[in-house]
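Structure, as structure tokens:
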Protein chains: 2
Amino acid sequence: MTLSSVEDILIEHGVKPTPQRVVIAKYMLETHSHPTADEVLQAVESKLPVALSRATVYNTLNTLVQAGVIREVVTEAERTRYDANMTEHHHFVDVKSGKILDIPADQIAHLKPLLGNNFKVHSYQITFFGEVKDQ
Amino acid sequence: MTLSSVEDILIEHGVKPTPQRVVIAKYMLETHSHPTADEVLQAVESKLPVALSRATVYNTLNTLVQAGVIREVVTEAERTRYDANMTEHHHFVDVKSGKILDIPADQIAHLKPLLGNNFKVHSYQITFFGEVKDQ
DNA sequence: CTTGGTATTTAGAATAAGTCTAAACCGAGA
DNA sequence: TCTCGGTTTAGACTTATTCTAAATACCAAG
Ligand SMILES: [Mn+2]
Ligand SMILES: [Mn+2]
Ligand SMILES: [Zn+2]
Ligand SMILES: [Zn+2]
């Protein structure tokens, strides 16, 4: 992904493409690792000629979430992760490695999930967000 | 729920029933509110003749999780909630009130969830925990 | 009952993710 | 070139949770 195509994506989403934002968005759009803010900082700071502040990483990630470029992923209480895969999908956490894999939504259309034989599901959790009408 | 029946439950789970643990477990077993550690502390401290330490609340909640008396619920990044409902179920977060409701697992056996007309689902997330076989 | 060892509790310090603040910086116009 | 609003920065701050070290409770053996 070229820097200028990342710029285009930011502009399309109404985000002014500063060097910090471009480099962070580029990293998010290329990785599949569902990184934490700190992982983004580590991965990206060497790509800029100036120092990159932790505050800027958080500011940018929050801006990108607001703009609909990325989303937050909450799989553990300790920290938030970020994900540029905006297709409807869920997550599979490998408890051994901690790695988070994407599961396309249509792949679990029939519950008692048959994800394929490569996944051994210990447990899963569905969390709904919405509104309750009565009381 | 009587104090001694709570004691029995703790003993059955291999947890020594101290006054602090009994009072915390009793509260957890009676509420349906998926409280945070701090909410447990608030609700319970007046029930003991001695001061109750935050550390004891966390120690006890962690002990009860380990023992299988309660479980952790992670619906938001900011803090962990606790739940004594150990039946297979998921959670519905009312984004207006923040309240968390239990959804029995069999109630969503057919996806594209029909929870009944009292729930307006904005979004939902399924998180699997398990092991991946290939890489 | 004593005594000593182990588990538990406690207050407060420490840790760590995330936010806030105030000053410096930057870039698009006037 | 000058100005101004938006952005970035370092570091302080907040807050949930854990850690620490001392005090306490409990219990078994003598
Ligand atoms: Mn992906
Ligand atoms: Mn319940
Ligand atoms: Zn994802
Ligand atoms: Zn529940």
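Lettering of chains follows the sequences in order, A, B, ..., and the numbering in each one begins at 1.
Of the residues in residues 6-15 of chain A, not one places a heavy atom less than 4.0 Å from an atom of DNA chain C.
Sorted by first and then second residue, the salt bridge (Lys or Arg N to Asp or Glu O under 4.0 Å) pairs with a member in residues 43-65 of chain A form an empty list; sequence neighbours excluded. Every pair passing salt bridge (Lys or Arg N to Asp or Glu O under 4.0 Å) that includes a residue from residues 20-41 of chain A is listed here, sequence neighbours excluded: A:Lys26-A:Glu30, A:Glu39-A:Arg81.
Atom-to-atom, CG of B:Leu41 to P of D:dA16 comes out at 12 Å; the value is rounded to the nearest Å. Rounded to an integer number of Å, the gap from B:Glu76 CD to D:dT17 C1' is 15 Å.
Residues passing the salt bridge (charged side-chain N to carboxylate O under 4.0 Å, His left out) test with B:Arg79, sequence neighbours excluded: B:Glu76. Legend: residues meeting side chain to side chain contact (heavy atoms under 4.5 Å, CB included) with B:Val22, ordered by chain and number and at least two apart, are B:Leu3, B:Val6, B:Glu7, B:Leu10, B:Pro17. By the side chain to side chain contact (heavy atoms under 4.5 Å, CB included) test, B:Ala84 is found to be paired with B:Met28, B:Leu29, B:Ile70, residues two or more places apart in sequence or in another chain being considered. Checked against side chain to side chain contact (heavy atoms under 4.5 Å, CB included), B:Ser5 has the following partners two or more places apart in sequence or in another chain: B:Met1, B:Thr2.
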List the atom pairs, with distances to 0.1 Å, where a side-chain N or O of residues 57-69 of chain B and a protein N or O form a donor-acceptor pair under 3.5 Å, not counting sequence neighbours.
residue	atom	partner	partner atom	Å
B:Asn59	ND2	B:Ala55	O	3.3
B:Thr60	OG1	B:Thr56	O	2.8
B:Asn62	ND2	B:Tyr58	O	3.2
B:Thr63	OG1	B:Asn59	O	2.8

Encode nucleotides 8-17 of chain C as B, S and - characters from 5' to 3', where the letter depends on protein heavy atoms closer than 4.0 Å: B to the base, S only to sugar-phosphate, - to neither.
-> SSBB-----S
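Heavy-atom minimum distance, B:Pro35 versus B:Tyr27: CG-CE2, 3.9 Å.
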